[in-house]
Amino acid sequence: MSSEHNKIYIVQPGGRLQGEIRVPGDKSISHRSIMLGSLAEGTTEVSGFLEGEDALATLASFRAMGVQIDGPEDGKVTVHGVGMHGLKAPEKELYVGNSGTSIRLLSGLLAGQNFESTLTGDDSLSKRPMRRVTDPLALMGAEIDSNDGKPPLKIKAGNKLKGITYTLPMASAQVKSCLLLAGMYAEGKTTITEPAPTRDHTERMLTGMGYSVDVQDDTVSIEGGGKLTATNIDVPADISSATFFMVGAAISEGSDITLKHVGINRTRIGIINILKLMGADITLSNESVTGGEPVADIRVRYAPLSGIKIPEEQVPLAIDEFPALFVAAACAEGQTVLTGAEELRVKESDRIQAMADGLEILGVDAQATADGIIINGGSIGSGEVNSLGDHRIAMSFAMASLQAGGTIVINDCANVATSFPNFVELATKAGLNIDEIDG
Ligand code: S3P
């Protein structure tokens with residue numbers, strides 16, 4: 001896996017981003033297309049599937065549970081659904097690598113099966129909190145052993161689940177989705193209230209496959225015992241991957257880039273809203289809806305940015321975009337203040353600390369706080385930073401080089417392949433001066 005062969009990025013300063021590119025498929029939707037396609041009756045044809053390690057880990061898990069899945073080839077995957085009760089016991093542990101989405105969503109789905117299973121992951125995943133899923137699943141009647149609240153998760157068989165009414169303690173689409181998947185196997189109704197809106201791809205795909213979910217304001221309910229009908233899924237380009245190019249163009253004079261067919265689901269567009277508040281020049285065109293998800297081409301032209309106080313209601317809508325936004329803040333005039341984002345501390349790395357440390361090495365005044373960061377915009381210098389094996393930290397520092405005073409060396413970049421396997425190629429095509437070497 002990626003952690004065994006390290007990669008180092010060496011990025012030269014200057015440059016600008018231009019042209020039209022299509023970034024890989026949405027990671028969240030790719031995961032869900034395999035999960036729900038596997039449980040559906042009939043054959044689901046997926047196009048635009050993300051061939052990154054995280055989504056492939058989900059795909060491998062379902063193959064290990066007896067689902068025939070053809071591909072991926074050029075983003076096309078065919079999932080031969082086995083129905084709600086057609087999964088088979090895996091012969092060994094299900095290893096999901098770096099993927100929080102795989103482990104948390106699968107824990108809910110597996111809690112409803114009549115076979116035992118164990119979910120494991122890489123070093124980073126093995127340090128991430130799982131009580132947020134095991135606690136509510138226990139309330140539903142599941143029995144899951146963990147390593148003091150961390151993976152591996154051992155899910156016992158044969159416990160009949162019952163629906164619960166639950167308020168999420170944190171804004172988390174993974175926890176919400178986990179409980180919706182478990183709810184399909186529970187007796188009665190499962191009702192989940194979220195403290196703030198989070199991505200709703202699970203709800204949309206369930207609805208698209210004929211499983212009714214009731215959404216009322218901040219509350220979503222599902223009845224157990226339904227079924228899914230296969231459908232075709234066109235996965236839009238991932239706005240979280242597009243983000244690096246949006247920020248890169250926003251900070252480098254002369255940039256003008258268009259990102260094609262990007263998912264602009266209202267629960268994912270915090271990056272657009274926040275960059276616009278900072279003064280970015282962003283326009284959308286070719287808006288349409290595909291497979292229940294809105295998409296558009298996003299054009300970003302350079303414009304000077306200003307520091308802002310980031311509105312807290314935007315935080316869950318941009319939760320994966322903060323490493324890149326911190327680079328935008330480092331290039332903006334004035335101070336940017338982020339609060340209410342303590343969830344960033346339990347992502348693939350502690351993203352607040354990782355970015356504060358790296359920015360400081362590059363000469364930026366960035367102070368980590370318990371639930372956010374304070375960044376005083378100025379110039380970015382040069383130096384050697386560590387991504388801590390976090391794909392989004394690696395790609396964010398790569399874009400920082402567009403405004404840097406000298407070369408930026410970024411260590412531990414192999415995990416970029418979890419979400420954006422052709423990042424170096426596309427970034428080079430767009431105008432970034434980036435080399436990748438084995439580390
Ligand atoms: C995801 C939800 C978010 C996000 C992650 C993908 C999903 O995690 O950070 O990259 O696909 O549901 P949380 O639920 O932990 O916020």
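Every number for a ligand or one of its atoms is a count from 1 in the order of the listing. Values in this document were obtained by computation on a predicted structure and should not be read as measured data. Scope of the values below: all heavy atoms of this structure, side chains included, with no hydrogens, waters or symmetry mates.
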Applying salt bridge (Lys or Arg N to Asp or Glu O under 4.0 Å) to Arg299 and not counting sequence neighbours gives Asp256
I'd like to check the salt bridge (Lys or Arg N to Asp or Glu O under 4.0 Å) partners of Glu343; sequence neighbours left out, ordered by chain and number.
Arg132
Exceeds 12 heavy-atom contacts within 6.0 angstrom, atom CD of Glu287
yes
For Asp390, the salt bridge (Lys or Arg N to Asp or Glu O under 4.0 Å) test, sequence neighbours excluded, returns Arg351
Taking non-hydrogen atoms within less than 4.0 Å of ligand 1, which protein residues qualify?
Ser28, Arg32, Thr101, Arg104, Ala171, Ser172, Ala173, Gln174, Arg199, Ile319, Asp320, Lys347
Checking the side chain of Asp122 only, and the main-chain atoms of Leu125 only, is there a donor and an acceptor separated by less than 3.5 Å?
yes
In terms of ring plane angle, is the pair Phe420 and Phe423 parallel, tilted or perpendicular, where the classes change at 30° and 60°?
perpendicular
